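A short write-up of the structure that comes next.
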Amino acid sequence: MRPTGKLHIGHLVGALENWVALQSEFDNYHLIADYHALTTNLDTSDLYQNSIDMIIDWLAAGIDPQKSPVFRQSQIKEHTELHLVFSMLITTSRLERNPTLKDQIRDLNMESVIYGHLGYPVLQSADILLYKGDVVPVGEDQVPHIEITREIARRFNTQWGQVFPEPEPKLTKFARLAGLDGNQKMSKSIGNTILLSDSPEEIQKKMRTAVTDTLKVRKNDPGRPDVCVVFSYHKKFNSPEVPEIRSGCESGALGCVDCKKNCSTKIADTLAPFREKRAYFESRPNEVIEILNHGESRAQHVARETMKEVRATMKIG
Ligand code: AMP
């Protein structure tokens with residue numbers, strides 16, 4: 001995950017819950033992709049603090065750092081070394097066909113693409129294969145990158161000898177949480193988020209701005225829950241009451257103000273243990289840095305071993 005600072009509830013349902021669940025089944029590696037952040041933003045002044053804020057969110061969501069190392073990409077030099085080798089195994093035209101890149105160019109109104117952004121999936125391949133990852137928990141937008149990773153692994157193995165697995169994407173069940181403004185994606189860059197660290201009061205305040213069914217103008221007008229962002233949050237954070245909310249909305253008995261209040265309370269309740277754990281880590285910065293140091297030395301060890309094998313297989317000593 002790129003360090004964009006404090007995480008939102010979309011990150012929780014789209015990634016973190018899945019990661020936490022997978023911890024019992026797999027040996028997870030959790031990478032803070034700080035070099036990747038440079039592809040769209042060269043201002044590094046907040047990069048470190050954003051990384052720390054993000055780790056605190058991960059820990060608060062239940063990532064167990066003893067079991068699953070957390071580390072920064074920039075601190076393990078083998079990522080850049082393997083990236084260089086991998087960059088010889090893929091053509092620029094293959095990277096230009098990447099649909100995720102095309103979407104980003106459109107969404108960010110980019111006039112031209114820097115070399116590092118074009119090569120984003122190549123660095124990502126190094127991130128995955130350095131740890132010989134065979135399963136990568138991702139959202140749908142990342143599937144083309146996993147395909148590129150598989151192609152690179154295959155090409156390396158054919159060219160020089162078997163070193164890497166061909167990783168499979170493991171799609172999150174809950175693919176995308178919509179933003180408060182009705183945009184399909186809750187996202188920090190759009191500014192339509194509820195943060196995992198928001199207080200109950202902040203959640204209530206933000207929820208008041210949420211877009212509902214625009215045809216439900218007065219309290220007792222019948223509404224269409226399936227086009228309402230607030231209803232999509234109920235489905236995730238308040239599932240037992242969903243049938244009642246659907247019928248209340250459709251009949252006009254339930255107004256948006258009450259529905260939003262109820263939804264905010266349920267989200268705030270779900271996040272209560274998270275906020276408590278977050279406060280614990282926030283007040284112990286040294287503990288967080290120790291966790292990071294520990295994760296980085298474990299990742300470093302694995303990365304060094306893989307690069308030794310890569311060099312031996314390529315016969316470059
Ligand atoms: P980002 O910080 O936007 O690069 O997101 C990192 C990961 O978090 C993505 O690959 C998704 O798995 C997940 N994610 C981010 N935003 C959302 C969202 N609105 N809904 C569901 N998952 C999300």
Side-chain angles (χ1 to χ4, degrees), residues 1-22 28-41 46-47 49-58 60-63 70 72-73 98-101 103-108 116-117 120-121 123-125 127-128 133 135-149 167-198 203 206-207 210-211 229-237 267 270-271 274:
M1 203 180 268
R2 300 197 303 169
T4 48
K6 290 181 179 170
L7 302 180
H8 54 70
I9 56 174
H11 289 120
L12 183 68
V13 302
L16 289 175
E17 282 183 349
N18 195 25
W19 295 359
V20 172
L22 293 172
N28 290 4
Y29 286 81
H30 295 292
L31 172 99
I32 298 163
D34 50 359
Y35 271 152
H36 272 299
L38 303 181
T39 52
T40 50
N41 185 6
D46 293 329
L47 205 55
Q49 192 51 47
N50 283 346
S51 301
I52 297 293
D53 282 339
M54 191 166 83
I55 299 175
I56 292 178
D57 279 343
W58 287 358
I63 297 295
V70 296
R72 286 167 297 163
Q73 183 184 37
N98 170 16
T100 305
L101 178 72
D103 288 349
Q104 284 171 339
I105 291 172
R106 190 198 55 223
D107 294 347
L108 302 173
H117 197 166
Y120 190 118
L123 181 54
Q124 197 172 2
S125 301
D127 298 340
I128 296 166
V135 172
V136 194
V138 286
E140 251 169 61
D141 59 327
Q142 294 292 313
V143 172
H145 292 181
I146 309 303
E147 189 48 45
I148 290 173
T149 305
E168 300 278 353
K170 188 167 178 66
L171 281 176
T172 350
K173 260 190 257 137
F174 197 95
R176 195 160 273 197
L177 194 74
L180 287 163
D181 59 351
N183 190 297
Q184 273 192 347
K185 191 178 177 195
M186 181 172 282
S187 158
K188 192 169 184 184
S189 58
I190 307 175
N192 57 6
T193 64
I194 293 175
L195 297 179
L196 293 173
S197 48
D198 279 344
I203 297 173
K206 286 183 174 178
M207 188 65 75
V211 172
V229 163
V230 180
F231 187 69
S232 73
Y233 299 160
H234 276 295
K235 283 204 261 187
K236 182 61 208 168
F237 294 97
I267 295 178
T270 308
L271 298 182
F274 174 90

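We're numbering straight along the sequence, starting at 1. What you are looking at is a predicted structure, and each value in this text was computed from that prediction instead of being measured. All ligand and atom numbering here is 1-based and tracks the order in the structure.
With a 4.0 Å heavy-atom cut-off, ligand 1 is reached by no atom of Lys188.
Within ligand 1, the atoms closer than 4.0 Å to a non-hydrogen atom of Met186 are 16 (N), 18 (C), 19 (N), numbered from 1 in the order shown. Proximity to Lys185 (heavy-atom distance under 4.0 Å) selects the following atoms of ligand 1: 3 (O), 16 (N), 17 (C), 19 (N). Taking a cut-off of under 4.0 Å to the non-hydrogen atoms of Met1, the atoms of ligand 1 that pass are 6 (C), 8 (O). Within the listing of ligand 1, atoms 18 (C), 19 (N), 20 (N), 21 (C) sit less than 4.0 angstrom from a heavy atom of Leu177.
One finds the CG atom of Asp34 at 11.5 Å from the CZ atom of Arg2 (value rounded to the nearest 0.5 Å). With values rounded to the nearest 0.5 angstrom, Met186 atom CE is found 9.0 Å from Leu195 atom CG. For the atom pair Ile9 CD1 and Leu177 CG, the distance stands at 5.0 Å (nearest 0.5 Å). Atom-to-atom distance recorded for Asn183:CG and Ile190:CD1 is 3.5 Å, nearest 0.5 angstrom. We find the CG-NE2 distance between Leu101 and His145 to be 7.0 Å, quoted to the nearest 0.5 Å.
Ligand 1 has no N or O atom lying under 3.5 Å from any N or O atom of Gln142, backbone or side chain.
Of all the listed residues (Arg2, His11, Glu17, His8), His11 holds the heavy atom that lies closest to atom 2 (O) of ligand 1.
In this structure, His36 and Tyr120 have tilted ring planes: the angle between them lies in the 30° to 60° band.
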